[in-house]
Amino acid sequence: MGIRGVHDLGGETGFGAIDWDVPDDAGPFKEAWEGRVVGNLFCMMGAQLCMPDMVRAAIESMPPEDYRDSTYYEKWLTAVTNILIMRGLITEESLTARMAELEAEGA
Amino acid sequence: MASDGMRKVVTKPDLRIRAIESLLIEKGIVDPATVDTVVELYEKKIGPRTGARVVAKAWSDPDFKARLLEDGSEAMKELGVSGMQAEHMIVVENTDDVHNVLVCTLCSCYPWAVLGLPPSWYKSDPYRARVVREPRKVLAEFGLDVPEGKEVRVWDSNAELRYLVLPQRPDGTDGMSEEELAELVTRNSMIGTGIAKSPAPA
């Protein structure tokens, strides 16, 4: 038996109530950016930049405390960021710079 | 969920994905119209109503039901449902003796093609951890008491294999059309954390 990853939750104890009361017609995205993450990821898959396995691997290789500390689509966004950096398509610097530009435009 | 104060993973997710999208547009990898289409698809078009049609058809047509249980992916193609992780679909039938419930303990695998994107609780740590250890207790929290004598089977989905629960047809639905029956099929009844609705009294 190897060491269990942080994502391997089946049967783990210590978890509380399930926040299950979600209507059938509730939209899948709580915030608009979550949908953009999914859409961008689909485009990346369409461009053969990644496969679902890579996304999963990127999520599962997050440091455990970051994994636990992130919402579902924050994990996806982390995976998208890391895959793009790994592919050499963006860098931390180019991303930070573009975020600052967009923030300045919106201000 | 964490508070933002100590966050080092993803800050300003809205700004971050906008920046990523704009960089990828420049590189010709992302077309913003395609992103819009994907978002609209999952917000408006792909959802549990598709699965409800499959279930209603299975309730109405024994031959279709037999084909569906034999090879879910092939049978669903008859209703125009394919792709989107529906390549290997296994349909598990609830009966008087067996109640089935779905989970993805590792993450969020889910039959997208028939149910859309999963609800938040399906992806949550407590559901993934607990439903395999104490399914009856979890189902009770969803308001579903499974009788002692009934077996509960928990199916752990994965990237290659997706499940769909075929709920039991409610009593008092003889003679109802497929469209009427589909109205009784809830998302949770197809995950197994609920059962189909009973028809409104006439």
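In what follows, chains are A, B, ... by sequence order, proteins preceding strands, each numbered from 1. This structure is a prediction, so every number in the text was calculated from the model and none was measured.
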Is A/D8 in contact with chain B via its backbone, its side chain, both, or neither, using a 4.5 Å heavy-atom distance? both
May I ask you to decide whether A/R98 forms a salt bridge with B/E26, counting only side-chain N to carboxylate O separations under 4.0 Å? yes
Can you tell which part of B/V35 gets under 4.5 Å to a heavy atom of chain A, answering side chain, backbone, both or neither? both
Go through the atoms of A/P63 and report whether side chain, backbone, both or neither lie under 4.5 Å from a heavy atom of chain B. neither
Checking side-chain hydrogen bond (donor to acceptor under 3.5 Å, both in side chains) for the pair B/T105/B/D156: CA distance, chi angles, key distance, verdict? CA-CA 6 Å; B/T105 60; B/D156 196 353; 2.6 Å; yes
Need one label for B/L106: side chain, backbone, both or neither, based on atoms under 4.5 Å from any heavy atom in chain A. both
Would B/E74 and B/K77 pass as an ion pair if we require N to O under 4.0 Å? yes
Under 4.5 Å heavy-atom distance to chain A, tell me which part of B/D31 shows up: side chain, backbone, both or neither. backbone
Cut-off 4.5 Å, heavy atoms of chain B, and the answer for A/L84 is side chain
Heavy-atom distances under 4.5 Å only: say whether B/K44 touches chain A with side chain, backbone, both or neither. neither
In terms of ring plane angle, is the pair A/Y72 and A/W76 parallel, tilted or perpendicular, where the classes change at 30° and 60°? tilted
If I measure from the heavy atoms of chain A, does B/P13 come under 4.5 Å with its side chain, its backbone, both, or neither? both
Is the A/F29 to B/Y42 ring centre distance short of 6.0 Å? no
Which atoms of A/L49 come close to chain B, meaning under 4.5 Å heavy atom to heavy atom: side chain ones, backbone ones, both, or neither? side chain
So what's closer than 4.5 Å to chain B heavy atoms on A/S94: side chain, backbone, both or neither? both
